[in-house]
Amino acid sequence: MMSDAQGHGPEEIRAVPLRHRWRWVATAALLVVVAMLVHTLVTNPRFGWRVVGHYLFSGPILGGVALTLEITAGAMAIGIVLGIVLAVMRLSPNPLVSGSSWLYIWFFRGTPVFIQVLFWYNIAVLFPSLGIGVPFGPQFVHGNAGTFITAVDAAILALGLNEAAYYAEIVRAGILSVAHGQTEAAQSLGMRRTLVMRKIVLPQAMRVIVPPTGNEVISMLKTSALASVAAVYELTGESLLIAARTYQIIAMLIVASLWYIALSTVLTIGQYYVERHYARGAVVTVPYPPLRTQLRRNFARWRVPFPGATVEV
Amino acid sequence: MTGPMVRAEGVHKRYGSLEVLKGITLEVAPNEVMCLIGPSGSGKSTFLRCINHLENINAGRLYVDGSLVGYQEHGGRLHELPEREICRRRAAIGMVFQHFHLFPHMTALENVTAGPVLVKREPRAVATERATRLLGRVGLGDKRDTYPNQLSGGQQQRVAIARALAMEPKLMLFDEPTSALDPELVGEVLDVMRGLAAEGMTMIVVTHEIGFAREVGDSLVFMDGGVVVEQGSPRDVIANPQQERTKGFLSAVL
């Protein structure tokens, strides 16, 4: 034992802390920059904060927010489901199956999503009427393409199909990250390929898949602004529409940005909890959200030590 | 009365041009414990993996409990079995791996119930009851809600044995079950295997534990370079090896 005869522990080291002079200089410089920023935000009337406040919770903007969320959710749903299917196809031993997955990914990653949105918006030019029926045979239901695929549908479809190509690669990386021994152990219990994938491989792959999925959702939130080229007035489209009417372009860009940043904050928090769920049994423990850790660390530095905690020798 | 549990006739296995098994012929009787020893790369693990069709064989015949592994024979030709049938047969053969391969996202209990619930569609309550009993039997009754990463290697391997036993197999395959363990943890795993052998489980054990082979094994097979070099009762082979290669190997490991 290290403690002496009186039962005290060894003497704590209380060294004089090293002075970090350049840190103070850097801090001062940053404070000046922040002060300048705040100053211009408050004093420059052209930011139009009153206009921002007026429109932030106005009906059209809230409608735009709802549409943005709808497009993001719809496109991500298509992207994730189709992406998983494509990833599993890509790993199939059948060359035709894995080849078609490769071809899909090649095509949709290789063409601009901007053009894909316009393409689906103009699908009626290519197929004026759409129907459901036997291939090369009779059709049971058919009608005008424009009534089947609205502008919002076209945007969701385009963004979702494009997302699937990227998401497939994320899922594939996740599947490949699971050790092959897991598959063999499951097979030795008599599990079939699909069961092994569903119950053993994919749940473990989720740990690798979730962080980039958070990226993709947040990215999609903002990419959904492309829907405005298909005459869909979601958050960006609606903001620009109001700006065109009122000439308050900066204020309306701020309105849109505030909403985007608020929504991605909510998604980031959601991602943390999803990650924590899939960390079950993993070696890596999910840390606190970054800001929380940093704040705790800083406060710990200035915390006054509890008087009884130090041992007087 | 009954035939052998495992019968291999001239089993060959190739990876490309590399021939790993060059005609293995042997039999394992019901209730027998056969230990497979040999230098690394001798093909003993590969042979074990052929028995539950994790690997397919290129020539020869391999039977488990009287039926051909991976194929059915009619009209003088071999026909590949459908996945459903391969899985049904695998479910009756337990396998324990060198690196345990427990499912890390499941607790010890969930690992043990996974097979019965997902493969045999057993009611969860029934599976849980058996799993609890099996975990108790391998000495881990208090670890049922623990995830594998919080268990020692020896504990993980014992859970892995319980997981295999939960399927109520007629044959157990052990692929170097103690090779990845710290020396002080080897004993607890061998104890469990010793208990299984005493209950009459048919076991094929690829191992470097010569002491275990001598004490528990009914037969010992020494493999080298993809062939069976020597086989017989463990005491005879270990005490009095006939082949030069066997002598060399045993003197190196003993």
Side-chain angles (χ1 to χ4, degrees), chain A residues 84 88-89 91-98 170-171 173-211 213 271-287, chain B residues 45 48-49 51-55 82-108 110-121 145-151 156 159-160 163-169 171-175 180:
Chain A
I84 292 173
V88 173
M89 283 171 68
L91 295 167
S92 160
N94 182 336
L96 202 68
V97 173
S98 69
I170 292 175
V171 174
I175 291 173
L176 293 177
S177 77
V178 179
H180 187 60
Q182 291 291 311
T183 301
E184 291 194 339
Q187 284 179 330
S188 77
L189 290 173
M191 291 191 199
R192 303 177 63 169
R193 265 173 56 92
T194 48
L195 192 63
V196 175
M197 191 53 85
R198 268 195 314 124
K199 294 291 183 177
I200 305 298
V201 176
L202 278 180
Q204 293 183 58
M206 286 307 282
R207 233 162 38 77
V208 174
I209 293 173
V210 169
T213 303
Q271 179 185 343
Y272 164 74
Y273 286 102
V274 176
E275 270 182 46
R276 202 170 65 168
H277 172 76
Y278 283 107
R280 282 186 315 152
V283 189
V284 194
T285 51
V286 179
Chain B
S45 287
L48 203 66
R49 294 158 57 80
I51 295 174
N52 66 355
H53 205 52
L54 285 179
E55 309 279 354
E83 192 195 10
R84 178 193 303 274
E85 187 58 28
I86 289 172
C87 289
R88 203 180 60 78
R89 294 187 187 185
R90 271 191 194 135
I93 302 173
M95 185 153 194
V96 174
F97 299 85
Q98 180 178 358
H99 295 288
F100 333 130
H101 298 328
L102 288 182
F103 307 131
H105 58 305
M106 299 181 182
T107 63
E110 288 166 345
N111 265 281
V112 181
T113 55
V117 170
L118 296 174
V119 177
K120 289 185 172 174
R121 309 223 155 265
D145 297 321
T146 308
Y147 285 98
N149 69 337
Q150 290 160 319
L151 296 172
Q156 289 190 49
V159 173
R163 175 175 72 178
L165 290 177
M167 295 298 284
E168 302 184 313
L171 168 67
M172 284 284 285
L173 309 174
F174 292 86
D175 188 5

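Reminder, nothing fancy here: chain letters follow the sequence lines and each chain counts from 1.
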> Hey, could you give me the CD/CG distance between A:Q187 and B:L54, rounded to the nearest 0.5 Å?
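Here the rounded value is 6.0 Å.
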> Heavy-atom distances under 4.5 Å only: say whether B:R89 touches chain A with side chain, backbone, both or neither.
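Neither the backbone nor the side chain of B:R89 comes within 4.5 Å of chain A.
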> Apply side-chain contact (heavy atoms from CB on, under 4.5 Å) to the pair B:H105 and A:M206, showing each step before the final yes or no.
CA-CA 11 Å; B:H105 58 305; A:M206 286 307 282; over 6 Å; no
> Which one of B:R163, B:M95, B:H99 has the most heavy-atom pairs closer than 4.5 Å to chain A?
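That would be B:R163.
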> Side-chain contact test, heavy atoms from C-beta onward, threshold under 4.5 Å: evaluate it for B:M106 versus A:P203 and give yes or no.
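A side-chain contact is absent here, since even the closest heavy-atom pair is not under 4.5 Å.
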> Might you point out which heavy atoms bring B:C87 and A:G190 nearest each other, and give the distance in Å?
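Where B:C87 meets A:G190 most closely, the heavy atoms are CB-O, 3.3 Å.
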> Chain B heavy atoms under 4.5 Å from A:L195: which part of the residue, side chain, backbone, both or neither?
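Looking at A:L195, just its side chain touches chain B.
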> Restricting to non-hydrogen atoms, name the atom on B:F103 and the atom on A:Q182 that form the minimum distance, rounded to 0.1 Å.
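So the two residues come closest at CD2-OE1, 3.1 Å.
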> Taking the side chain from B:E83 and the backbone from A:R193, do they hold a donor-acceptor pair closer than 3.5 Å?
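Judged by distance alone, yes, a pair lies under 3.5 Å.
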> For atom NZ of A:K199, decide whether the heavy atoms of other residues, nucleotides or ligands shown that lie under 6.0 angstrom number more than 12.
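It does not: A:K199 NZ has 12 such atoms or fewer within range.
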> Identify which part of A:A179 has an atom lying under 4.5 Å from any heavy atom of chain B, answering side chain, backbone, both or neither.
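When you check distances to chain B, no heavy atom of A:A179 falls under 4.5 Å.
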> Which one of B:N52, B:L173, B:L118 has the most heavy-atom pairs closer than 4.5 Å to chain A?
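If we count pairs closer than 4.5 Å to chain A, B:L118 comes out on top.
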> Name the member of B:V96, B:L102, B:I93 that forms the most heavy-atom pairs with chain A at distances under 4.5 Å.
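Ranked by contacts with chain A, first place is B:L102.
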